[in-house]
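To start, the structure under review is shown below, and the notes come after it.
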Amino acid sequence: MANKPQIRTNSSALIAMIADEDTITGFLLAGVGNVDLRRNTNYLIVDSKTTVKQIEEAFKEFTTREDIAIVLISQYVANMIRFVVDSYNKPIPAILEIPSKDHPYDPAHDSVLSRVKYLFNTESVASGRR
């Protein structure tokens, strides 16, 4: 085990999470969690005491960090800051809305899915296909 190669931190990327406690716990048990030297984590647990401002700040922090490649956000949490999620347009980190135990996935509210549908509708109209 001592000869096992170490992953270089400057070339690896993290998954950030903004979700309820059960969802975050599942991902932490899978090994997705990270705490850096400054005690900054790559997740935010959203509960009844979490304010919209805290969620928005965490989203902005995760989308500007260089070490994060994907941000997983529960869809019901994304709905709380929908204006911020919809205005985000960078490819990296990618934003993926996921269901939670108490709130099922609703494709009508998924910003990525709505953008994809818009692109396909625009392409089919431009090419004459319906």
Side-chain angles (χ1 to χ4, degrees):
M1 290 293 177
N3 294 332
K4 186 176 179 181
Q6 295 293 319
I7 298 173
R8 293 190 338 239
T9 56
N10 61 353
S11 66
S12 63
L14 300 173
I15 297 175
M17 298 159 293
I18 304 174
D20 60 282
E21 186 174 13
D22 291 339
T23 303
I24 297 289
T25 301
F27 278 99
L28 292 178
L29 289 171
V32 175
N34 184 59
V35 180
D36 66 12
L37 295 174
R38 295 184 182 144
R39 315 269 308 152
N40 294 325
T41 61
N42 64 328
Y43 58 88
L44 173 69
I45 297 174
V46 177
D47 57 15
S48 60
K49 298 174 187 163
T50 309
T51 65
V52 173
K53 183 177 180 183
Q54 289 173 314
I55 298 168
E56 186 177 335
E57 288 172 355
F59 181 84
K60 288 179 179 178
E61 175 193 344
F62 294 153
T63 55
T64 56
R65 280 178 47 178
E66 295 284 326
D67 61 338
I68 293 180
I70 299 171
V71 176
L72 299 177
I73 184 168
S74 290
Q75 191 174 50
Y76 84 95
V77 176
N79 287 337
M80 294 179 193
I81 58 166
R82 178 59 58 198
F83 58 97
V84 179
V85 174
D86 287 346
S87 65
Y88 182 79
N89 59 6
K90 297 178 183 171
I92 298 174
I95 308 300
L96 298 174
E97 295 181 26
I98 60 173
S100 65
K101 184 174 77 170
D102 298 327
H103 301 88
Y105 175 76
D106 182 7
H109 291 118
D110 191 333
S111 60
V112 174
L113 187 59
S114 65
R115 289 178 189 170
V116 169
K117 285 181 179 179
Y118 175 77
L119 287 174
F120 279 115
N121 287 339
T122 304
E123 288 177 3
S124 64
V125 170
S127 66
R129 288 181 278 153
R130 292 186 182 184

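Along the sequence shown, the residues carry numbers beginning at 1. Here the structure is a predicted model, which is why all the values come from computation and not from measurement.
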Given the rule that I, L, V, M, F, W and Y join up when any side-chain heavy atoms are under 4.5 Å apart, are [X] and [Y] in one cluster?
X: Phe27; Y: Ile45; value: yes
X: Val84; Y: Leu96; value: no
X: Leu28; Y: Ile98; value: yes
X: Ile55; Y: Phe83; value: yes
X: Tyr88; Y: Leu72; value: no

Inset, instruction - Show the numbers, then the answer: is there a salt bridge (Lys or Arg N to Asp or Glu O under 4.0 Å) between Arg65 and Asp67? - result: CA-CA 6 Å; Arg65 280 178 47 178; Asp67 61 338; 3.0 Å; yes

Grab the two heavy atoms, one from [X] and one from [Y], that are nearest each other, plus how far apart they are.
X: Phe62; Y: Met17; result: CE1-O, 3.8 Å
X: Arg39; Y: Val35; result: CA-CG1, 3.7 Å
X: Thr23; Y: Ser100; result: OG1-CB, 4.0 Å
X: Gln75; Y: Arg82; result: O-NH2, 4.2 Å
X: Ile24; Y: Tyr43; result: CG2-CD1, 3.8 Å
X: Ile68; Y: Ile70; result: CG2-O, 3.5 Å

Legend entry - Under 3.5 Å donor-acceptor, Asn34 side chain and Asn42 backbone: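 Between the backbone of Asn42 and the side chain of Asn34 there is no qualifying donor-acceptor contact (under 3.5 Å).
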
Enter the distance from [X]:[atom1] to [Y]:[atom2] here, rounded to the nearest 0.5 Å.
X: Asp86; Y: Ile95; atom1: CG; atom2: CD1; result: 11.0 Å
X: Glu21; Y: Lys101; atom1: CD; atom2: NZ; result: 9.5 Å
X: Phe59; Y: Ile81; atom1: CZ; atom2: CD1; result: 5.5 Å
X: Ile18; Y: Glu56; atom1: CD1; atom2: CD; result: 10.5 Å
X: Thr51; Y: Met80; atom1: OG1; atom2: CE; result: 10.5 Å

Inset, instruction - For Tyr76, check ring-ring contact (aromatic ring centres under 6.0 Å, His included) against everything at least two apart and list the hits. - result: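 If we apply the ring-ring contact (aromatic ring centres under 6.0 Å, His included) test to Tyr76, skipping adjacent residues, the hits are His103.
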
Inset, instruction - Would you check if there is a donor-acceptor pair between the side chains of Thr25 and Asp22 at a distance under 3.5 Å? - result: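 Asp22 vs Thr25: no donor-acceptor pair found between side chains.
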
Inset, instruction - Would you please name every residue forming a side chain to side chain donor-acceptor pair (under 3.5 Å) with Ser74, sequence neighbours left out? - result: none

Legend entry - Partner set under side chain to side chain donor-acceptor pair (under 3.5 Å) for Asp102, not counting sequence neighbours: none

